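Step one of this worksheet: look at the structure below.
Quantities reported herein were computed from a predicted structural model and do not represent experimental measurements. Just so it is clear, the values below take in all heavy atoms, side chains as well, and ignore hydrogens, waters and symmetry mates. Proteins get letters first, then strands, A, B, ... in listed order; numbering begins at 1 in each.
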Amino acid sequence: MAKQYWIGDILVGSHDEEVVELCGWVHRTRGSNKIRFLVLRDSTGSLQCVIKKGAVDDECFDALSGALIESSVRVTGQVIRTDREHGYELSVSTGNVVGAVNPDSPFPITESAMAEADGGETEFLLDNRHLYLRTSRMTKMLKIRSTVFGAVHSYFRDRDFIEYQAPNFVAGAVEGGSTLFEVPYFGKKAYLTQSWQLYAEAAMPALERLYTIAPSFRAEKSRTRRHLTEFWHAEMEIAWGGNQEVMEHGEALVRSIAQSLVEEREDELSELGRDIDMIQKYADSKYPRMRYDEAVETLQSKGVEIEWGQDLDYSKEKILTQDFEVPHFLTHYPRVAKPFYHRPDPEDPKYVLCHDLLAPEGYGEIIGGGERTWSEKEILERIDEEGTPREPYEFYIDIRRYGGVPHGGFGMGIDRVCAWLSGADHIRETIPFPRDSRRVTP
RNA sequence: GCCGACAUAGCUUAGUUGGUGGAGCGGUGGACUGUUAAUCCACAGGUCGCAGGUUCGAGUCCUGCUGUCGGCGCCA
C-alpha cells in the first residue's frame, strides 16, 4: 500500500483533524507504561505520536512501546492541533512495527556522537555514513544539494543548452598527469576522467551550447576541507564566445543557485545556522573582477611574498578574499601558470584568457574557466611548449582542423558550491559518500 | 609527497607521580497516564588499536607498526 500522508503536510495544516496513516522511522520514544510518546520521522519532518493504553489494543501498545530508535513503523490516528511544543500530534488508534531493530545491535548513532561531531564528522560517523545519512543534519544537506543540482539544470536548460555526456574512461589528462587515476583496461591503461571539457569541445561545433553534471576524478592526496578524489563537476562550453561571455554565465549561474536556495531551502539553511540575507546578497550582487596582475600587486602590498608567474595558491586566495563579501573573479593569469588549452590573450600573449571564481568566507575557488586555444597552429605550439605528448590529444587537435571557432567554457565544483552556500566546515559534509585519498568505504 | 595530532564499552569520554579502569548516552528488567535528549532504581557490556621493550607491576613510560583526523603543495 503506497504511502499517502507526509508529516511535512501535517505540520503546515493540510490534514487537521483527519485520520491518517503515517509511515516512517522512530526518532525517539519516551513515556510510561500507560502512555507512550513516539517521535516519528519521515523525509519531510517529524511528529510526536501519542499512544495511550486503552486507546489502542494491548498488542499494539506493546509493539509500539518496544520499537527501538530507527525502527520503521506504520501508525494510524487523528491529527490533533495542540498548544504544546510541536504544534501537531497524532493521536494513535492503531499501528505496527514494519522493520524492527534488534536490541542486540541498536542504532549506533547516538545523541552524544552527533553532539561531539557538532556538524563535523568523526571517524565513527564517516565509518557509519550509510546510517548517518538519515540524521537531520545530513538530510538537510542532501536536500540543499538536490536544489543546487536542480538549479544548475534549470539555468542551462532555460537558456537552450544541451545536456551532453562525455566518457569517464579516457586516455589523457586535462590537468597535470600526476593526479590521474589509472585503471587497467584489457591489458592497456586507461584513466578516470578529470573533466568533461575536451570531449565537450568535440561536440561544440554540433551543439554550440552544451553542459553537463558529471563526476570528475582526481588522484590528489590533498587532505583539505576543499578536496574530494571524486567530485561532481558542472561544466559548460559555448561556441562563438570567449572569456567574457563564459564569465557572465558563471556569475549568472552561481547567482541563480543562491536564489534557488533562498526560495526552496530557507528552512534547511537557517537550521544549519546560515544567514539567509547573506545568501540573498550572493544572489543579488555583481561579482567583482580582478586581473591576475592586480591580485599580485594587492598581495605584495599586503606583504605577501609572491612573484609574477606563480599560480595563486589557497593561502593567497584566502588573503585576497578577505576583502570581498561576495564571490569575485580573477582573470588573465600568466600563460606559464595554466594548461595548454587556455588561449593566450591576443593583446598580450604573456597572459591567457581565463578566469577563476573565488567564493568568499574562505571557501576558495569554485569555478575555473576561460577561452580555449582553437586554431591548430596555436594548440600545437601550446602543447609543445608545455612538453605534453601529442598522441593522447590527437582527436582534440583534429577538431581544430575542421572549422575551428572561438569558444570557451568553465567547470564548477558543485560540492564546493554546496559547502560554501550551506556553510559546511568540510566539503565531505555535502556529499553522501565522500571519497578522499584515505577513504573509499562505506 | 611533506608537517602535526590522536587511538579507553556500541557512542561520547574521565583515568593524578606507573599499583587490577569510572561515568553519561544507547541496550535489558522494573516504577511512573502528558513526556520534550523525560525522570527514578537495578543489570549487562572493556584483549585500554597492534607488536615489542623498561619495570616486582604499564591504559599510563620507551620503540616500531597500523588506522584515523587536521594542515601544506595542487586544484573544482
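Partner of Tyr88(A) under the side-chain hydrogen bond (donor to acceptor under 3.5 Å, both in side chains) criterion, chosen from His15(A), Arg81(A), Gln48(A): Arg81(A).
Aromatic rings of Phe395(A) and Tyr199(A) (six-membered ring for Trp) have centroids within the 6.0 Å cut-off, being under it. Ring-centre distance between His332(A) and Tyr292(A): not below the 6.0 Å cut-off. Aromatic ring centres of Tyr132(A) and His130(A) lie farther apart than the 6.0 Å criterion allows. Between Tyr393(A) and Phe340(A), the ring center distance clears the sub-6.0 Å criterion. Annotation: Trp196(A) is not in aromatic contact with Phe410(A) [ring centroid separation under 6.0 Å not met].
Within 4.0 Å of Phe124(A), counting heavy atoms only, lie sugar-phosphate atoms of the nucleic acid but no base atom. Residue Leu228(A) is classed as a base contact, given a heavy-atom separation below 4.0 Å to a base. Using a 4.0 Å heavy-atom distance criterion, Glu220(A) is classed as a base contact. If you check every strand for non-hydrogen atoms under 4.0 Å, Ser315(A) touches sugar and phosphate atoms only. Within 4.0 Å (heavy atoms only), Asp311(A) reaches sugar-phosphate atoms of the nucleic acid but no base atom.
For the pair Arg225(A) CZ and G71(B) P, the interatomic distance rounds to 4 Å; values are reported in whole Å. Protein atom CZ of Phe107(A) is 14 Å distant from nucleotide atom C1' of C25(B), rounded to whole Å. Tyr314(A) has its OH atom 10 Å from the P atom of G73(B), to the nearest Å. Between the P atom of A7(B) and the CG atom of Asp127(A) lies a distance of 17 Å, rounded to the nearest Å. Here the C1' atom of nucleotide G70(B) and the CZ atom of Arg438(A) are 10 Å apart, to the nearest Å. For the pair Asn102(A) CG and G26(B) P, the computed distance is 18 Å after rounding to whole Å. Distance NZ (Lys316(A)) to P (C75(B)): 12 Å, rounded to an integer number of Å. One atom, CG of Leu126(A), and another, P of U68(B), lie 10 Å apart when rounded to the nearest Å.
With sequence neighbours excluded, no residue forms a side chain to side chain donor-acceptor pair (under 3.5 Å) with Lys221(A).
When the C1' atom is compared between C50(B) and A38(B), the two are found 43 Å apart, to the nearest whole Å. Taking atom C1' in both G59(B) and G18(B), one finds a spacing of 10 Å when rounded to whole Å. When the P atom is compared between C2(B) and C62(B), the two are found 24 Å apart, to the nearest whole Å. Rounded to the nearest Å, the gap between the C1' atom of G19(B) and that of A58(B) is 10 Å. Comparing U28(B) with G45(B), their P atoms sit 16 Å apart, to the nearest whole Å. Separating the C1' atom of C56(B) from that of A44(B) is a span of 35 Å, rounded to the nearest Å. Separation of the P atoms belonging to G27(B) and U17(B) is 37 Å when rounded to the nearest angstrom. Remark: the separation of the C1' atoms in G52(B) and C11(B) is 31 Å, to the nearest Å.
For the pair Arg209(A) and Tyr211(A), the cation-pi test (distance below 6.0 Å, angle within 45°) is failed. Cation-pi geometry between Arg226(A) and Tyr314(A) is met: the NZ or CZ atom falls under 6.0 Å from the ring centre, inside 45° of the normal.
Helical stems in RNA chain B, defined as runs of 3 or more consecutive Watson-Crick or G-U wobble pairs with donor-acceptor distances under 3.5 Å: B:1-7 with B:66-72, B:10-13 with B:22-25, B:27-31 with B:39-43, B:49-53 with B:61-65.
Two residues, Ala337(A) and Lys318(A), neighbour RNA chain B, and the one matched to the more 5' nucleotide by heavy-atom proximity is Lys318(A).
Residue Arg223(A) has its side chain nearest to G70(B) when only G70(B), G73(B), A76(B) are considered. Distance from the side chain of Lys221(A) is smallest to G1(B) among C75(B), G10(B), G1(B).
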Could you run through nucleotides 27-39 of chain B and give me one letter per nucleotide, 5' to 3': B if any protein heavy atom sits under 4.0 Å from the base, S if only the sugar-phosphate is that close, - if neither?
SS---BBBBBBB-

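No donor-acceptor distance shorter than 3.5 angstrom exists from the side chain of Arg36(A) to the backbone of Lys52(A), with no hydrogens or angles considered.
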Evaluate His249(A) against Ile367(A) for side chain to side chain contact (heavy atoms under 4.5 Å, CB included), listing each step before the verdict.
CA-CA 11 Å; His249(A) 277 296; Ile367(A) 281 181; over 6 Å; no

